[in-house]
Amino acid sequence: MRSRKLVHLPCLTPRFPNSSTHLSSAFSPKPPSVLATNVMKSYLEAGLVEEARTLFDEMPDRDVVAWSAMISGYTSCNRPTDAWATFRDMLPDVRPNDFTFSSVLKACKSMNSLPRGAVAHALALRHGFLGSIYVANALVDMYAACCRDMDSARAAFDEIGVKNSVTWTTLIAGYTHMGDGHGGLDVFRRMLLEDAELNPFNVSIAIRACTWIGSQSFGKQIHSTVLKHGFESNIPVMNSVLDMYCRCIGLNDADRCFDEMVERDIITWNTMIAGYEKSDPYKALRLYSSLMSQGLAPNCFTFTSVVAAVANIAILGVGEQLRGGIVRRGLEGDVGVANALIDMYAKCGIIASSCRIFEAMGRKNVVSWTSMMVGYGSHGRGEEAVALFNEMVESGVRPDRIVFVAVLNACSHTGLVDEGLRYFKAMVNAYGIAPDQEIYGCVVDLLGRAGRLQEAYELIEAMPVMPDESVWGAFLGACKAHKLAELGNIAASRVRPSVAGTYLALSSIYAANGEWGDFARIRKILRGMGSKKEAGRSWVEVKNKICSFVAGDKLGSNIDRVYEALHMLGLHIKHAQFNPDLQCLEDDLD
DNA sequence: CCGCCGATAA
């Protein structure tokens, strides 16, 4: 059946003999497949895959060029499975060329399919195209993306006799994307030693390798390399440099770098906002409003960072405004943006809104589930968090280390001790995730809260690495809660306390037991450290204004009404026959 | 007429 659309393309109708006389004549029309392939390409560049496919199906003589265009088009339109199917369809009739193999290898990379990649490798070898630098580079990239290690990629790289700059960039990127910054930088150094050309591509990825390592000296070295080669006007390169400054060197230097940039794009601004999101959320918000006043269009990355900034200061009014901007721009379907909103609403206390967003999501990833679970957890709804975890596993999402932190915390606060221990075992045995200090801290907290301190202590003893402050902190917290001075002492003799909070926990155990001599000793050490535990701060948002206060604060003119309300609450507590632990209040009052 | 590599967020 002919597509109606194609009737309007008269160039397709006449058939030209595929003879060289036509091609040699300067004024002769080109064979129809050339024109059709060009139109196909236009469709694919516009993302109109179906239109391209219809045209492709209508072509009378599909040569290897048309097939290759279709295959690469599918891949660039995020449909690598269709690209692979098309490749299989062409094999019986049309002999693939080097273009075909570079495209199909890229499709294998996108599918993350090593078996298919290996088949493509074998076929490329049989057809004799491994000598093509394009095919060889795509092969290195495919192995780097599809294997857990870099050995196969390295082997494919070593097979390449004459390398070009893409070959080097591919290998550096392979190491760096796996998180092996040292490996990436080693290749980069070798590249410089072999006098390979330095270009914006390989410099960018080398900067990312530095960022992974977190090395200030490498970072600054590569920044001067950037300036020496005149890449300071290349925006992607400078964005990488800026990100490196944010993560490894410091925000003041990042500020200077940002000011010195001659040209900026939305990614430049996003990098800055992301850099400030945690340490200075207000500055992140100011950056957002100045990019808006310059008429730049924020994208989903902008919103994920700026919503996260709002979550950190919990100002619901601004958060709602941002959500309006997100919906207006049609970005609410973005998974990252939705995840940030779930977290923001939860931290602003509106867990129902988190729920609504979570349930409306068409696609959820492991971060979505984690954000929702953490939200439930902080609202004292541990059972729901645990239920969500099981639902997540059933829906086929593979849990990661972070989601185990969330479910263990939920179990801990809900008293689901044995269930929590089962999750801990499943994490190690079924999912092969090695527990780190944070996870051990969670399990110690889980056992400790329930009063099972003996087990908690045995777990710490069995740890394959030195337990750090977070683990001992959880243990001391449990000793404090259960007023167990002897165990606390054992823990204290083992801990290498550098954190004021550790001493503080210890001192309150002594206080609880009336051991005032030890109490005074610890308090003296604490004073000598000069580092104070940050005072617990509460705040409430009233009519777009945030009122923040600490224990013992004088709240100005409204103080009498606050104490009146407090008195009423006290009566309610008494009425409910709840016996508060006043000891723990005293810790925060000093 | 068709091809390989780079930068931002959770």
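Every chain is numbered from 1 and lettered A, B, ... according to where its sequence line falls, protein lines coming before strand lines.
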Any residue of [range] with a heavy atom less than 4.0 Å from an atom of DNA chain B:
{"range": "residues 290-311 of chain A", "answer": "Phe301(A), Thr304(A), Ser305(A)"}
{"range": "residues 263-280 of chain A", "answer": "Ile267(A), Asn270(A), Ala274(A), Glu277(A), Lys278(A)"}
{"range": "residues 170-194 of chain A", "answer": "Thr170(A), Ala173(A), His177(A)"}
{"range": "residues 252-259 of chain A", "answer": "none"}
{"range": "residues 136-150 of chain A", "answer": "Asn137(A), Asp141(A)"}

Legend entry - Nearest-nucleotide pick for Ala69(A), side chain only, options being dC2(B), dC1(B), dG3(B): dC2(B)
Inset, instruction - Compare the minimum distances between each of dC2(B), dC4(B), dG6(B) and the side chain of Ser68(A), then state the nucleotide with the smallest one. - result: dC2(B)
How would you list all residue pairs meeting salt bridge (charged side-chain N to carboxylate O under 4.0 Å, His left out) that involve [range], not counting sequence neighbours?
{"range": "residues 262-287 of chain A", "result": "Asp255(A)-Lys283(A)"}
{"range": "residues 81-94 of chain A", "result": "Arg79(A)-Asp82(A)"}
{"range": "residues 122-149 of chain A", "result": "Lys109(A)-Asp141(A)"}
{"range": "residues 190-205 of chain A", "result": "Arg190(A)-Glu194(A)"}

Please state whether the base of [N] and the side chain of [X] form at least one donor-acceptor pair under 3.5 Å?
{"X": "Thr169(A)", "N": "dC5(B)", "value": "yes"}
{"X": "Ser132(A)", "N": "dG3(B)", "value": "yes"}
{"X": "Asn202(A)", "N": "dG6(B)", "value": "no"}

Inset, instruction - Show the numbers, then the answer: is there a salt bridge (Lys or Arg N to Asp or Glu O under 4.0 Å) between Glu320(A) and Arg323(A)? - result: CA-CA 5 Å; Glu320(A) 294 277 25; Arg323(A) 197 186 55 107; 3.6 Å; yes
Legend entry - OP1 or OP2 of dC1(B) under 4.0 Å from side-chain N/O of Arg62(A):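 No, outside the criterion.
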Inset, instruction - State whether Lys41(A) places a side-chain N or O below 4.0 Å from either non-bridging phosphate oxygen (OP1 or OP2) of dC2(B). - result: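 For dC2(B), OP1 or OP2 has a side-chain N or O of Lys41(A) closer than 4.0 Å.
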Legend entry - Under the side-chain hydrogen bond (donor to acceptor under 3.5 Å, both in side chains) test, residues paired with Asp400(A) that sit two or more places apart: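 Here no residue qualifies.
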Inset, instruction - Taking side-chain hydrogen bond (donor to acceptor under 3.5 Å, both in side chains) as the test, write out the residues that go with Asp334(A), two or more places apart. - result: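 Scan of Asp334(A) (side-chain hydrogen bond (donor to acceptor under 3.5 Å, both in side chains), adjacent residues dropped) gives none.
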Inset, instruction - Would you mind reporting whether Trp269(A) and Thr302(A) have side-chain heavy atoms less than 4.5 Å apart? - result: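 In short, these two side chains do not touch, never coming nearer than 4.5 Å.
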Legend entry - Heavy-atom check, side chain of Val397(A) versus side chain of Asn365(A), under 4.5 Å: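 SC-SC contact between Val397(A) and Asn365(A) ruled out.
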Inset, instruction - Examine Arg328(A) relative to Phe303(A) and say whether NZ or CZ is less than 6.0 Å from the centre of the six-membered ring and inside a 45° cone about the ring axis. - result: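 Negative - Arg328(A) is either too far from the ring of Phe303(A) or too far off its axis.
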In whole angstroms, how far is the [atom2] atom of [N] from the [atom1] atom of [X]?
{"X": "Phe157(A)", "N": "dC5(B)", "atom1": "CZ", "atom2": "P", "value": "16 Å"}
{"X": "Glu332(A)", "N": "dA10(B)", "atom1": "CD", "atom2": "P", "value": "21 Å"}
{"X": "Asn38(A)", "N": "dC2(B)", "atom1": "CG", "atom2": "P", "value": "7 Å"}
{"X": "Lys109(A)", "N": "dC4(B)", "atom1": "NZ", "atom2": "P", "value": "9 Å"}
{"X": "Asn312(A)", "N": "dA10(B)", "atom1": "CG", "atom2": "C1'", "value": "13 Å"}

Inset, instruction - Give one of base, sugar-phosphate or nothing for Asp343(A), where a contact means two heavy atoms less than 4.0 Å apart. - result: nothing
Inset, instruction - Please work out if Asp63(A) contacts a base, only the sugar-phosphate, or nothing of the nucleic acid, heavy-atom cut-off 4.0 Å. - result: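 Base contact.
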Inset, instruction - Could you give me the CA-CA distance, side-chain angles and deciding distance for Asp151(A) and Arg154(A), then say whether salt bridge (Lys or Arg N to Asp or Glu O under 4.0 Å) is met? - result: CA-CA 5 Å; Asp151(A) 296 348; Arg154(A) 188 84 204 202; over 6 Å; no
Legend entry - Check against salt bridge (Lys or Arg N to Asp or Glu O under 4.0 Å), Arg256(A) and Asp253(A): CA-CA 5 Å; Arg256(A) 193 147 13 98; Asp253(A) 296 275; 3.0 Å; yes
Legend entry - Arg247(A): salt bridge (charged side-chain N to carboxylate O under 4.0 Å, His left out) partners, not counting sequence neighbours: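 Checked Arg247(A) against salt bridge (charged side-chain N to carboxylate O under 4.0 Å, His left out); matches are Asp243(A).
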